[in-house]
Amino acid sequence: MTTNLTLNSAIDPSHEHIDSAEWDDIYVVGDVHGCREVLEQLLARLDPAPNDLVVFVGDLVRKGPDSKGVLDLVRAHPNFRSVRGNNEQKLIDGRKSIETLTDDDLAYLESLPLIISWDDVAVVHGGIDHRKPFDEHTLTELLNNRSLVPDGSYERPFWFEARPESPRVFFGHTVLSEPFVSEHAVGLDTGCVYGGQLTAYDYRADELIAVDPPETYVSRSSDSIVEPATLDP
Ligand SMILES: [Mn+2]
């Protein structure tokens with residue numbers, strides 16, 4: 001791999017490295033949360049060809065109206081890949097369930113890597129804490145990282161605002177009032193299930209593409225929607 005991430009044996013099987021030269025365009029897509037209709041709108045805008053890669057930051061499922069439909073759509077395209085989100089993990093662990101999902105769907109969720117990388121990019125659902133070696137991160141941290149304050153939840157600084165180094169980490173999980181874009185982190189969960197947008201990042205063009213959902217599916221308190229800020233690292 002070309003990133004400076006070193007991985008321990010517990011996490012290594014969950015790392016998918018991609019040769020970017022094998023793909024034309026590469027798009028990274030924020031949390032979909034079962035909003036199939038919005039995903040279809042976004043894909044109509046992106047219009048990915050079979051030799052374009054679409055990478056999801058995880059949380060394909062739960063909260064929205066059609067988790068099964070989102071999984072069917074993603075799984076039908078060999079050029080669509082996803083990392084595992086904390087909501088996939090809840091289904092894998094049996095803490096939550098969705099009636100419409102088959103055993104095969106659950107096996108697919110379990111097969112999702114924790115990290116996908118190419119060039120000097122890493123995609124993880126929650127985030128990476130630059131203060132400790134990557135190989136000391138637990139699964140729970142990779143899927144849920146947000147505040148750098150111990151037990152801080154929504155206390156600043158957030159890992160992505162403080163990230164000072166490569167690889168550039170594309171992430172979801174933290175619902176943002178607008179996408180976060182810095183040299184070393186790109187946050188794409190703009191809360192499409194909460195009345196926000198579904199956002200993608202065009203890696204080759206360095207451009208954001210976003211679509212508006214037809215309706216608000218779930219309400220969320222405004223104190224858990226983050227106004228992104230860039231700190232001097
Ligand atoms: Mn999410």
Side-chain angles (χ1 to χ4, degrees), residues 14 27-39 41-42 54-71 73-74 80-93 95-98 101 105-106 108-110 112-116 122-129 137-147 152-154 158-161 169-181 185-201 208 210-213 215-228:
S14 285
Y27 302 101
V28 189
V29 177
D31 299 36
V32 178
H33 279 299
C35 300
R36 172 158 178 155
E37 205 177 334
V38 192
L39 177 57
Q41 289 173 6
L42 180 70
V54 180
V55 179
F56 295 85
V57 301
D59 279 7
L60 295 169
V61 296
R62 297 199 64 238
K63 300 183 182 175
D66 192 6
S67 293
K68 174 66 174 165
V70 170
L71 282 186
L73 194 161
V74 170
F80 288 13
R81 312 282 172 81
S82 183
V83 294
R84 195 188 303 175
N86 60 308
N87 280 284
E88 279 80 40
Q89 193 64 43
K90 285 175 186 174
L91 297 175
I92 292 166
D93 294 345
R95 284 176 284 148
K96 299 285 178 183
S97 61
I98 297 174
L101 301 193
D105 290 325
L106 288 172
Y108 168 77
L109 296 182
E110 206 159 354
L112 296 179
L114 303 183
I115 176 166
I116 294 176
V123 181
V124 301
H125 182 67
I128 296 174
D129 182 343
H137 285 70
T138 64
L139 176 152
T140 300
E141 288 169 335
L142 291 176
L143 268 48
N144 295 281
N145 266 342
R146 181 177 293 126
S147 173
S153 188
Y154 282 94
F158 301 130
W159 71 267
F160 49 91
E161 293 173 333
V169 178
F170 285 73
F171 66 100
H173 188 60
T174 297
V175 182
L176 304 165
S177 60
E178 54 187 285
F180 177 88
V181 180
V186 179
L188 296 173
D189 183 3
T190 44
C192 76
V193 75
Y194 303 112
Q197 294 184 306
L198 181 60
T199 300
Y201 193 88
L208 293 160
V211 294
D212 288 301
E215 59 182 297
T216 296
Y217 300 102
V218 180
S219 64
R220 185 177 179 98
S221 67
S222 59
D223 59 5
S224 59
I225 296 177
V226 169
E227 303 270 349

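Treat the numbers as computed from the prediction; the structure is a model and nothing was measured. Sequential numbering from 1 along the given sequence is applied to the chain's residues. Only heavy atoms go into these numbers, but all of them, side chains included; no hydrogens, no water, no symmetry mates. First listed ligand is number 1; within each ligand, the first listed atom is number 1.
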A.B. asks: Which residues satisfy the side chain to side chain donor-acceptor pair (under 3.5 Å) test with Ser67, sequence neighbours excluded?
C.D. replies: none

A.B. asks: Taking only protein atoms, how many N, O or S atoms are found under 2.8 Å from the Mn ion (ligand 1)?
C.D. replies: 3

A.B. asks: Sequence neighbours left out, what passes side-chain contact (heavy atoms from CB on, under 4.5 Å) with Asp189? Give chain and number order.
C.D. replies: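 Asp189 satisfies side-chain contact (heavy atoms from CB on, under 4.5 Å) with Asp31, Val175 only.
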
A.B. asks: List in chain and number order the residues that pass side chain to side chain donor-acceptor pair (under 3.5 Å) with Asp212, two or more places apart in sequence or in another chain; answer none if no residue qualifies.
C.D. replies: Gln197

A.B. asks: For the CG atom of Asn86 and the CG atom of Asn144, what is their distance to the nearest 0.5 Å?
C.D. replies: 4.5 Å

A.B. asks: Is there side-chain contact between Phe158 and Phe180, with at least one heavy-atom pair below 4.5 Å?
C.D. replies: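 Answer no - side chains too far apart.
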
A.B. asks: Using 0.5 Å steps for rounding, measure from the OH atom of Tyr27 to the CG atom of Leu42.
C.D. replies: 10.0 Å

